J.: 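To start, I am sharing the structure in question, which I have written as structure tokens.
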Amino acid sequence: MRLLMMIKKYLIQSLLDALHHLNIQAEPIHIAPTKNPGFGDLSTNLAFSLSKKIGEQPIDIANRIKTHLKLDPGLIQEISVSEPGFINFQISRSYYQGLPEQILKEGQLYGRETEGKGKTANVEFVSANPTGPLTVGHGRQAVLGDAVASILKWHGYDVTREYYYNNAGRQMRLLRQSVEARYFQELGKDIPLPEGGYKGEYIRDIVQIIRRKHGDKLHADDIIFQKEAEEHIFNNIKSSLEKIGVKHDRFTNEKMYYENKAIDKLLQSLKQSDLIYESEGATWFKTSSIGKSQDRVLIKSTGEPTYRLPDMAYHQDKMNRGFDLIVDIFGADHVDTYPDVLSCLDVLHYDTSKIKVLIHQFVTLIEAGKTVKMSTREGQFITLENLINETGPDVVRYFFIMRGMNSHLNFDMDTAKDQSDQNPVYYLQYAHARIANIIKHGESLGYTLNTSFDPALLVHSSEVDLLKQLDLFPIVMDTALETLEPQGIANYLQSLAAHFHKFYAVCRVITDDKSLSQSRLALISAVQTVLANGLRILGIQTPERM
RNA sequence: GCCCCGGUAGCUCAGCUGGAUAGAGCAACAGCCUUCUAAGCUGUAGGCCACAGGUUCGAAUCCUGUCCGGGGUACCA
């Protein structure tokens, strides 16, 4: 157990003892970190919850409790009561001073919990169908999903990063028809794009490839059109992902669920639950009978399944593969559709509590001050690749991670470019590089990191503040596991870097004072370790120099 | 119409399982480099936390309603 948790437990027990002495009935006690260091490190609102019950002013109760509190001064340096009735605790400095040694000992493991050890997790993300290049919007999901996977991995899960796509449906047919139309157009035939067809320039690129590889004599409906289009686009998608450091372990497409009859079997199972009926030539899933507002079509009157059906079979497959945790990362457009998938699994008695669905809001693209509706079909988008080339992978990753996933993201390409060299990510990396440089500087003067430094020399307020920041990392990582939101890590690292830069401005590490230099070397090395741990989870480089 | 997100400094956003003076970056203004990286630090200015009620000792945070923006509500994915 972490030391801080032990301190909390200790405080709660001591408070309960004090209540016992005062003959006050016990209450659930909450110990929370304070926001303002003037009030110490931890505080409790206990007196407020007791106030009503025993009819006294909170401040009086707090004072009475305080006089009956017996705490080890080696652990709790000071107890105070402040208006309107908080009881505050200041943790002893020696607790914080012990952190660098612990962090340096644990290294890359510092802050890691083992909750996921021996468990498997599957994270599905991106999952864009191969109908066009990845857009800035897909980038958000790619980065988010990758970071979520890393958080799980950090906590011990064996993680599979998975990409699921549809290549059997209407969209792919439209893609093929669009390529075909452009192909014949280039050969001088007047064949229009299909309605709702893909208008992007990349279609013409594919046509060029096809003409080069297969000549100009292809017939309409040739399978080559779809094959080449899919292959070309998929390679493009994979290379974009690679550029921001995203690598999936597994690509799964819906075809296999037709081929291995999983879809047929699934329909049969649903029929046995009496939740399937035919109407107007289509096959419906009777979701209205399990509390949903309307029924959903599973097989269209054309005989073609909707995307829902293979999606259900896919999720059934993921459940069958036995993961302890299944994370789906979807865009806001799926907000109404994933419940159908879950309903289906519920009906089939799968434990859907294993599935966590993370919905992220869309990226609104702004160009020349105007909102641009992105549409792959209309050929109107800025590609992820484009963005990476303009700003670099670290900037892109940080840009998406530092925002909450359920906030709409206004993405202004112009400011993204302008701000790329003043992006907050450099602030973090700069702290890391600065530390590396100080360590190098120390080495050139014969100072090397030594385990026998004196932690009690770390007493400057900027040092203590920095130590307190280091203490937060495990908590931040716990929260990240709980919420599966990487944003908190980014916020924390920002704050850690800020405390380091402030320390740097007022405390010199390498000085003539040999023992102080050693202590500070240990401190900044610990900071560097935590920065690196965090940045690695976010998939961001940790440069030694900038 | 119904459902899901959001509305916090001029701009982009944190903070939201209730707590004590609401934060950062950019933009503006004023300072700091004979000393380990100024991609940094310090200070000033900038806020009825959309609005109105409610719950509470205490609300940016929870509840209800209104307004504004985005998305969904397909036999598209």
Side-chain angles (χ1 to χ4, degrees), chain A residues 30 32 34-36 38-39 43 45 47-49 51-52 57-59 82-86 88 127-129 131 165-166 169-172 174 196 279-284 293-294 296-308 311 331-337 359-362 364 371 376-377 399 402-412 415 418-419 421-431 433-442 444-445 447 479 482-483 487-488 490-491 494-495 497-498 500-511 517 520-521 524 545-546:
Chain A
H30 296 283
T34 59
K35 283 180 187 163
N36 185 334
F39 297 121
S43 76
N45 59 357
F48 296 107
S49 42
S51 166
K52 199 169 210 175
Q57 290 300 311
I59 188 89
S82 60
E83 289 281 359
F86 292 98
N88 310 308
S127 294
N129 294 337
T131 57
Y165 62 102
N166 303 106
R170 196 175 89 92
Q171 298 306 317
M172 292 307 289
L174 268 177
S279 174
E280 301 163 50
T283 303
W284 295 72
S293 59
Q294 54 187 295
R296 303 292 190 179
V297 170
L298 292 184
I299 298 178
K300 305 178 214 172
S301 52
T302 61
E304 211 173 19
T306 63
Y307 62 95
R308 278 193 184 84
D311 254 24
D333 52 345
H334 278 68
V335 78
D336 253 17
T337 72
I359 298 285
H360 68 90
Q361 297 299 312
F362 280 137
T364 305
T371 301
T376 305
R377 264 181 242 184
F399 195 95
M402 66 193 263
R403 264 113 207 215
M405 67 176 82
N406 47 15
S407 288
H408 302 275
L409 189 51
N410 287 320
F411 197 101
D412 189 326
T415 56
D418 285 350
Q419 291 189 358
D421 59 349
Q422 57 197 31
N423 189 289
V425 72
Y426 294 124
Y427 187 76
L428 307 186
Q429 295 181 315
Y430 187 53
R434 243 183 178 175
I435 293 170
N437 194 60
I438 297 171
I439 291 171
K440 209 158 48 177
H441 176 71
S444 74
L445 296 176
Y447 290 90
T479 308
E482 216 170 285
T483 60
Q487 188 195 23
N491 288 343
Q494 199 63 224
S495 161
F500 169 73
H501 286 307
K502 278 171 196 184
F503 157 81
Y504 176 87
V506 292
C507 291
R508 204 181 154 79
V509 176
I510 306 298
T511 63
S517 299
R520 287 185 171 165
L521 260 181
I524 65 167
R545 58 185 311 156
M546 288 175 75

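These figures come from a predicted structure and were not determined experimentally. Below, read A as the first sequence line, B as the second, and so on, with proteins coming before strands; counting in each chain starts at 1.
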J.: With sugar-phosphate meaning primed atoms plus P, OP1 and OP2, does A:Ala332 contact a base, only sugar-phosphate, or nothing at under 4.0 Å between heavy atoms?
T.: sugar-phosphate
J.: If we take the C1' atom in both B:rC75 and B:rG71, what is their distance in whole Å?
T.: 22 Å
J.: Which part of the nucleic acid, if any, lies within contact of A:Thr511, taking any heavy atom under 4.0 Å across all strands shown: a base, the sugar-phosphate backbone alone, or nothing?
T.: nothing
J.: If you find the nucleotide of RNA chain B closest to A:Thr34 and the one closest to A:Ala505, which residue's nucleotide is nearer the 5' end?
T.: A:Thr34
J.: At under 4.0 Å between heavy atoms, what does A:Lys440 touch on the DNA or RNA strands: base, sugar-phosphate, or nothing?
T.: nothing
J.: Heavy-atom nearest nucleotide on RNA chain B for A:His501 versus A:Ser82: which residue maps closer to 5'?
T.: A:Ser82
J.: Are OP1 or OP2 of B:rC26 and a side-chain N or O of A:Tyr427 less than 4.0 angstrom apart?
T.: no
J.: Between B:rG47 and B:rG53, how far is it from one C1' atom to the other, in whole Å?
T.: 22 Å
J.: Hey, does the side chain of A:Tyr447 come within less than 4.0 Å of B:rC36's phosphate (OP1/OP2), counting only N and O?
T.: no
J.: Categorize A:Gln294 for me: base, sugar-phosphate, or nothing, with a 4.0 angstrom heavy-atom threshold over every strand shown.
T.: sugar-phosphate
J.: So what does A:Arg170 hit on the nucleic acid, given a heavy-atom distance under 4.0 Å: a base, only sugar-phosphate, or nothing?
T.: sugar-phosphate
J.: Tell me what A:Tyr504 touches on the nucleic acid: a base, only sugar-phosphate, or nothing, going by heavy atoms under 4.0 Å.
T.: base
J.: Apply the syn/anti split at 90° from 0 to B:rC63 and say which one it is.
T.: anti
J.: Can A:Ser82 and A:Asn88 be counted as having a side-chain donor-acceptor contact under 3.5 angstrom?
T.: yes
J.: Let me know the distance between CG of A:Asn166 and P of B:rA77, rounded to the nearest Å.
T.: 7 Å
J.: Classify the nucleic acid contact of A:Asn45 as base, sugar-phosphate or nothing, counting any heavy atom under 4.0 Å across all strands shown.
T.: base
J.: Categorize A:Ala490 for me: base, sugar-phosphate, or nothing, with a 4.0 angstrom heavy-atom threshold over every strand shown.
T.: nothing
J.: Expressed as a whole number of Å, how far does the P atom of B:rA45 sit from that of B:rG58?
T.: 31 Å
J.: Produce a footprint string for nucleotides 10-17 of chain B: one letter per nucleotide, 5' end first; B if the base is under 4.0 Å from any protein heavy atom, S if only the sugar-phosphate is, - if neither.
T.: --SSSS--
J.: How would you list, by chain and number, every residue that makes a ring-ring contact (aromatic ring centres under 6.0 Å, His included) with A:Phe500, sequence neighbours excluded?
T.: none
J.: OP1 or OP2 of B:rA38 versus the side-chain N and O atoms of A:Arg434: is any pair under 4.0 Å?
T.: yes
J.: Looking at A:Lys502, I'd like to know whether one of its side-chain N or O atoms comes within less than 4.0 Å of OP1 or OP2 on B:rU42.
T.: yes
J.: Any N or O donor-acceptor pair under 3.5 Å from the base of B:rC57 to the side chain of A:Gln57?
T.: no
J.: Stacking between B:rA20 and A:Phe39, yes or no? Criterion: centroid separation under 5.5 angstrom, plane angle under 30 degrees.
T.: yes
J.: Would you measure the distance from the P atom in B:rU61 across to the matching atom in B:rA74 and give it in whole Å?
T.: 34 Å
J.: Assign A:Asn406 to base, sugar-phosphate, or nothing according to its heavy-atom contacts below 4.0 angstrom with the strands shown.
T.: sugar-phosphate
J.: Given Watson-Crick or G-U pairs with both distances under 3.5 Å, what dot-bracket string fits RNA chain B, with | for other-strand pairs and [ ] for crossing?
T.: ((((((((.[[[[.)...(...]]]].(((((.......))))).....[[[[[..)....]]]]])))))))....
